[in-house]
Amino acid sequence: MSDAPETALPPRHFLNLADAGGDGIAAILADALDRKRARQGWPKGRADGDAPLAGFVLGMIFEKNSTRTRVSFDIAMRQLGGSALILEAGTSQIGRGESIADTARVLSRMVDAIMIRTDDHAKAEELARHADVPVINGLTDLSHPCQIVADLLTLIEKGKALPGLEVAWFGDSNNVLNSIIEAAGLFQFNVRVACPAGFEPDARLIKTAQSNGARVDILRDPAQAARGADVMVTDTWVSMGQAHADEKIAAMRPYRIDADLMAHAKNDALFLHCLPAHVGDEVTQDVFEGPQSVVFDEAENRIHAQKAILLWCLGKVA
Ligand code: CP
Ligand code: NVA
């Protein structure tokens with residue numbers, strides 16, 4: 001045996017879609033689709049036939065609320081043959097000020113991958129810098145890449161080809177929109193953002209997507225943004241950690257997705273929402289419950305997306 005120390009590869013973090021790149025995300029989507037198809041009708045907690053993460057543990061840090069991300073990562077690990085545990089900020093030492101760097105080094109000795117949901121994206125980056133295991137962004141104020149993998153999966157399943165797709169976003173520019181814009185650059189689709197003045201997405205993200213071949217338009221007129229769109233998307237007007245401001249809500253009202261706005265889109269346009277939804281605010285009941293809405297497929301796909309993301313991070317998907 002050689003005395004030379006093993007040169008460990010740096011962990012594959014998933015803090016933004018660009019960490020995997022277009023090829024990596026395409027591989028993740030293909031794996032997610034294959035695994036989803038292979039287990040149709042099975043009980044949700046049964047492991048996939050190959051149980052590729054048998055013996056692996058995921059640690060999940062939550063500094064913000066969650067239903068879908070929390071449950072889908074847990075079920076994803078069970079379906080991959082592994083397990084998951086949760087650290088709530090309030091009941092762990094993180095909530096008493098233990099540093100991110102020390103938390104990263106301790107968890108790296110105990111779990112095989114870490115997911116974090118937090119406010120400041122820099123905290124997720126700090127965790128990744130100090131962790132010897134992959135760190136996955138389960139939502140920060142900057143981005144929500146896992147959600148967008150589930151969204152892309154949903155669109156592909158519904159027969160949409162990503163390149164050239166016209167995606168229209170309505171309302172507040174937030175973490176979910178930022179990741180959609182990032183995805184547009186990776187898959188060359190176009191994003192029309194209909195929002196009030198002062199609520200535009202980050203100019204740097206737009207520039208990056210545009211330099212990667214996507215068209216990103218900022219529009220004030222929601223009908224113009226909806227015209228001929230393939231996908232209509234919105235999200236809450238008040239993201240976690242933001243103050244509820246009456247002025248902001250008033251500015252958002254013209255951007256609510258209702259049946260009239262949907263009528264401007266293509267007949268086969270799909271309605272997406274990451275959930276939780278505030279029906280009556282950003283979307284009307286008839287659209288949310290209507291035939292073009294695929295929001296619960298989108299929610300289920302969080303599991304299938306998460307599984308493939310975990311496998312990519314752990315080097316089991318190319
Ligand atoms: N869409 C999403 O991330 O949902 P949760 O906040 O419930 O995790
Ligand atoms: N933009 C929302 C997404 C919730 C899943 C938020 O950050 O609260």
Side-chain angles (χ1 to χ4, degrees), residues 14-17 32 58-77 84 86-90 114-124 136-155 167 169-183 191 193-196 199-202 205 231-245 248-249 252 255-257 270-279 281-283 288 293-307 309-310:
F14 190 77
L15 299 186
N16 280 310
L17 296 169
L58 171 71
M60 300 193 273
I61 301 171
F62 283 99
E63 294 200 292
K64 286 183 172 186
N65 294 44
S66 169
T67 297
R68 278 144 291 269
T69 303
R70 177 178 174 148
V71 176
S72 61
F73 265 108
D74 190 325
I75 301 303
M77 283 305 289
I86 289 174
L87 278 102
E88 300 279 4
I114 305 169
M115 189 235 69
I116 181 165
R117 167 167 285 200
T118 188
D119 42 19
D120 187 355
H121 191 78
K123 283 194 204 171
I136 299 172
N137 171 5
L139 179 148
T140 64
D141 290 347
L142 178 72
S143 58
H144 197 1
C146 295
Q147 177 67 52
I148 300 319
V149 175
D151 291 8
L152 299 179
L153 190 59
T154 308
L155 295 176
V167 176
W169 172 277
F170 300 87
D172 193 25
S173 295
N174 63 17
N175 40 13
V176 174
L177 174 60
N178 286 342
S179 291
I180 290 176
I181 291 173
E182 204 187 9
V191 186
V193 180
C195 66
F199 295 93
E200 296 83 4
D202 190 299
L205 284 169
V231 185
M232 301 279 282
V233 202
T234 189
D235 186 14
T236 180
W237 293 337
V238 186
S239 283
M240 290 182 279
Q242 294 180 341
H244 179 103
K248 179 179 178 185
I249 303 299
M252 292 296 159
Y255 298 92
R256 166 181 301 146
I257 301 187
L270 297 174
F271 171 73
L272 291 183
H273 191 307
C274 66
L275 307 180
H278 304 81
V279 173
D281 284 345
E282 70 267 12
V283 59
F288 186 78
S293 172
V294 292
V295 297
F296 296 106
D297 294 312
E298 188 184 356
E300 179 194 331
N301 278 336
R302 293 297 306 278
I303 297 179
H304 308 291
Q306 247 68 289
K307 288 167 72 178
I309 291 166
L310 284 159

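Counting starts at 1 for both ligands and their atoms, in listed order. Residue numbers start at 1 and run along the sequence shown.
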Exercise for review: Start with the C-alpha distance between Ser143 and Asn137, add both sets of side-chain angles, then the distance that settles side chain to side chain donor-acceptor pair (under 3.5 Å), and finish with yes or no.
Suggested key: CA-CA 8 Å; Ser143 58; Asn137 171 5; 3.0 Å; yes

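No side-chain heavy atom of Trp169 sits less than 4.5 Å from a side-chain heavy atom of Pro201.
Taking every heavy atom of Asn174 and a limit of under 4.0 angstrom, the matching atoms of ligand 2 come to 1 (N). For ligand 2 and Leu275, the ligand atoms under 4.0 Å from any heavy atom of the residue are 5 (C). Here is the list of ligand 2 atoms found below 4.0 Å of a heavy atom in Leu139: 3 (C), 4 (C), 5 (C), 7 (O).
Side-chain N or O atoms of Asn178 include one that pairs as donor or acceptor with a backbone N or O of Leu142 at under 3.5 Å. Remark: the backbone N or O of Thr140 is not paired with any side-chain donor or acceptor of Thr118 at under 3.5 angstrom. Put simply, the side chain of Glu300 never gets that close to the backbone of Phe296: no donor and acceptor are under 3.5 Å apart. In this structure a side-chain-to-backbone donor-acceptor pair under 3.5 Å is missing from Glu282 to Ala277. Using modelled atom types, one side-chain atom of Arg117 and one backbone atom of Gly138 make a donor-acceptor pair closer than 3.5 Å. At least one donor-acceptor pair under 3.5 Å links the side chain of Asn174 to the backbone N or O of Leu177.
From the protein, the heavy atom lying nearest to atom 3 (C) of ligand 2 is Asp235 OD2, 3.5 Å. Closest to atom 7 (O) of ligand 2 among all protein heavy atoms lies Asn175 ND2, 2.9 Å. Scanning the protein heavy atoms around atom 8 (O) of ligand 2, the nearest turns out to be Met240 N, 2.8 Å.
For Ser239, a nitrogen or oxygen atom sits less than 3.5 Å from a nitrogen or oxygen atom of ligand 2, counting backbone and side chain alike.
Near ligand 1, heavy-atom contacts under 4.0 Å come from Ser66, Thr67, Arg68, Thr69, Arg117, His144, Gln147, Cys274, Leu275, Arg302.
For the pairing with Val294, the side chain to side chain contact (heavy atoms under 4.5 Å, CB included) check across Asn301, Val231, Leu272 returns one residue only, Leu272.
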